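Inspection log for the structure reproduced underneath, given as structure tokens.
Side-chain atoms are counted along with the backbone in the values below, which use heavy atoms only and exclude waters and symmetry mates. These figures come from a predicted structure and were not determined experimentally.
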Amino acid sequence: MVKTDLTGINGVSRSLLHSKITRQQQAINLLSETGSNRRDSLSISDSARSFSKKSIAALIDKSTNVSASELSFYFANYDNSGAILDAINFGENVSCGYNPDFKEYGVISLDYNGSRQIVPNYAVPKINTGSLSGICAVNNSLVLNNKNYYSWTTSSGSRYTWTVNNGKIGWAASESLLAENTNQKGTNFKWEMRTASNILSALAQGKNLYGFNREDVLSVCKSVGFTTGFFSIDASAGKHSYILQETGKVIDVDKKIEQLNNTNWIEAGFKEGDTVSVYGNEYTIDSSGYINVSTDDTFASTEIIYPSH
């Protein structure tokens, strides 16, 4: 055995033991110690990918304890890369702890059917981003399918795999969790993608954009094909409509219409029969003091004109 020192995330030196144990013996060790707190310290060789699935667990350098039961999902889907990718990218409580200097020895963990499961980092399938559709609006309407994969192009022209998950839009966890740690000026554009992800996800979930730089909002909207004026986004968290102004300010049309419909215009000083022009359509104040604007109406203007007193 050869002992090699490597430094972990917390700066503490840890040891990896390189062994010549046969594949068969590794499998025996795994199966005979299921559920124990044994901590393997075997590094993964270049030939690891050719190992049988029963011996794979013995190749993991575990900074946390791992049992055979925690690998049951991976073993059951050993030849189903789509199921593994979907579990990581659309699962619950997905996380990954590793030292970037030797990240292939770690694991991605997730909740699956009520139990904690792991997938070895080196065994996470790679996605051919070039085969994916881009995130692109058509006629100022962006519709994204839930639990699906898309391509995102950064300002440098590099393409990354993104996912859509109930209104959450962003870099696929199967790739982002294993990406090199970088700062704001990092070469993998993590910061740029995080900003775009946060803005698009907020829009897709009907959340306000308070705190976002308007230049960033304008840039992100432009990158997916939104032009100034009305635009909408539907990423399986309901359809949300907005107005994008040249300054980068975004008006939530749905919430504005709700506010107008909930206003008692007679109490506000207007009278029955007065008309309010909302985005190019005229609505009459009824006897109870309200107007009735529908979010399904077709609008031709971005202006609201109030009746004169």
Side-chain angles (χ1 to χ4, degrees), residues 89 127-173 175-176 179 182-257 278-280 295-304:
N89 289 309
I127 301 173
N128 178 12
T129 309
S131 66
L132 302 175
S133 300
I135 297 177
C136 184
V138 177
N139 296 325
N140 259 20
S141 174
L142 179 62
V143 179
L144 301 173
N145 295 324
N146 201 32
K147 312 291 184 183
N148 214 336
Y149 297 88
Y150 292 89
S151 170
W152 177 267
T153 303
T154 65
S155 59
S156 70
S158 299
R159 300 178 70 179
Y160 295 85
T161 299
W162 276 33
T163 57
V164 175
N165 188 8
N166 298 321
K168 296 178 181 179
I169 307 169
W171 196 5
E175 297 183 4
S176 62
T182 61
N183 56 25
Q184 185 171 343
K185 298 180 180 180
T187 56
N188 65 12
F189 294 90
K190 288 180 69 174
W191 187 268
E192 177 184 322
M193 289 196 290
R194 180 182 301 170
T195 299
S197 170
N198 288 340
I199 290 173
L200 289 176
S201 294
L203 291 172
Q205 296 174 67
K207 298 179 180 179
N208 68 63
L209 296 178
Y210 178 78
F212 289 103
N213 185 294
R214 288 189 180 180
E215 291 182 358
D216 289 336
V217 172
L218 197 60
S219 175
V220 171
C221 286
K222 181 179 179 181
S223 71
V224 298
F226 290 141
T227 57
T228 54
F230 287 96
F231 73 93
S232 66
I233 181 170
D234 186 346
S236 297
K239 180 181 178 181
H240 300 277
S241 300
Y242 303 93
I243 295 174
L244 175 64
Q245 298 183 339
E246 293 181 357
T247 60
K249 180 181 179 180
V250 171
I251 298 172
D252 190 321
V253 172
D254 302 326
K255 290 182 179 178
K256 188 62 179 179
I257 288 176
V278 180
Y279 304 137
T295 55
D296 294 326
D297 291 345
T298 299
F299 303 115
S301 169
T302 58
E303 300 294 328
I304 297 176

(request) Could you tell me whether the side chain of Ser158 and the main chain of Thr154 form a donor-acceptor pair under 3.5 Å? (result) no

(request) Carefully, step by step, assess Tyr279 and Asp297 under the rule side chain to side chain contact (heavy atoms under 4.5 Å, CB included). (result) CA-CA 10 Å; Tyr279 304 137; Asp297 291 345; over 6 Å; no

(request) Identify the two heavy atoms, one from Phe189 and one from Ser155, that lie closest to each other, and give their separation to 0.1 Å. (result) CE2-OG, 3.9 Å

(request) Taking the side chain as every heavy atom from C-beta outward, state whether Phe231 and Leu142 have any pair of such atoms under 4.5 Å apart. (result) no

(message) Taking the side chain as everything from C-beta on, heavy atoms only, tell me whether Asn166 gets closer than 4.5 Å to Asn146.
(response) yes

(message) Would you compute the distance between atom CG of Leu244 and atom CG of Leu203 and round it to the nearest 0.5 angstrom?
(response) 9.5 Å

(message) Is there a side-chain contact between Leu200 and Trp152 in this structure, where contact means two heavy atoms from C-beta onward sitting under 4.5 Å apart?
(response) yes

(message) Between Asn89 and Tyr149, is there a side-chain donor-acceptor contact under 3.5 Å, judged purely by atom types and distance?
(response) yes

(message) To check you understand the geometry: which heavy-atom pair defines the closest contact between Gly130 and Arg159, and what is its length?
(response) CA-NH1, 4.0 Å

(message) Contact between Phe299 and Ile257 at the side-chain level, heavy atoms closer than 4.5 Å - yes or no?
(response) yes

(request) Enter the distance from Ile243:CD1 to Ser301:OG here, rounded to the nearest 0.5 Å. (result) 8.0 Å

(message) Please check if the number of heavy atoms outside Lys249 that lie under 6.0 Å from its NZ is greater than 12.
(response) no

(message) With heavy-atom distances below 4.5 Å as the criterion, would you say the side chains of Ile169 and Ile233 are in contact?
(response) yes

(message) Under a 3.5 Å threshold, yes or no: a donor from one side chain and an acceptor from the other, between Thr161 and Thr129?
(response) yes

(request) Assess whether atom NZ of Lys147 is packed by more than 12 heavy atoms of other residues, nucleotides or ligands within 6.0 Å. (result) yes

(request) With rounding to the nearest 0.5 Å, note down the distance linking CE in Met193 to OG1 in Thr153. (result) 10.5 Å

(message) Test of understanding: with ring pair (Phe, Tyr, Trp, His ring centres under 6.0 Å), list the residues that count as partners of Tyr150, not counting sequence neighbours.
(response) none

(request) Identify the heavy atoms of Ala235 and Ala204 that sit nearest to each other, and give their distance. (result) CB-CB, 3.9 Å

(request) Examine distances only and state if a side-chain atom of Ser223 and a backbone atom of Val220 form a donor-acceptor pair shorter than 3.5 Å. (result) yes

(message) I need the Asn198 CG to Leu209 CG distance, nearest 0.5 Å.
(response) 10.5 Å

(request) List the atom of Trp162, the atom of Ser197, and the distance in Å for their closest heavy-atom pair. (result) CH2-N, 3.7 Å

(message) Rounded at 0.5 Å granularity, tell me how far CD in Glu192 sits from CG in Asp216.
(response) 9.5 Å

(request) List the steps, then state whether side chain to side chain contact (heavy atoms under 4.5 Å, CB included) holds for Tyr160 with Ser176. (result) CA-CA 9 Å; Tyr160 295 85; Ser176 62; over 6 Å; no

(request) Drop me the distance from Leu218's CG to Phe212's CZ, to the nearest 0.5 angstrom. (result) 14.5 Å

(message) Using a 3.5 Å distance criterion without hydrogens, assess whether the side chain of Asn140 forms a donor-acceptor pair with backbone atoms of Thr227.
(response) yes

(message) I need the full list of side-chain hydrogen bond (donor to acceptor under 3.5 Å, both in side chains) pairs touching residues 230-248, with sequence neighbours left out, sorted by first then second residue.
(response) Ser141-Ser232

(request) Could you tell me whether the side chain of Asp252 and the main chain of Lys255 form a donor-acceptor pair under 3.5 Å? (result) yes

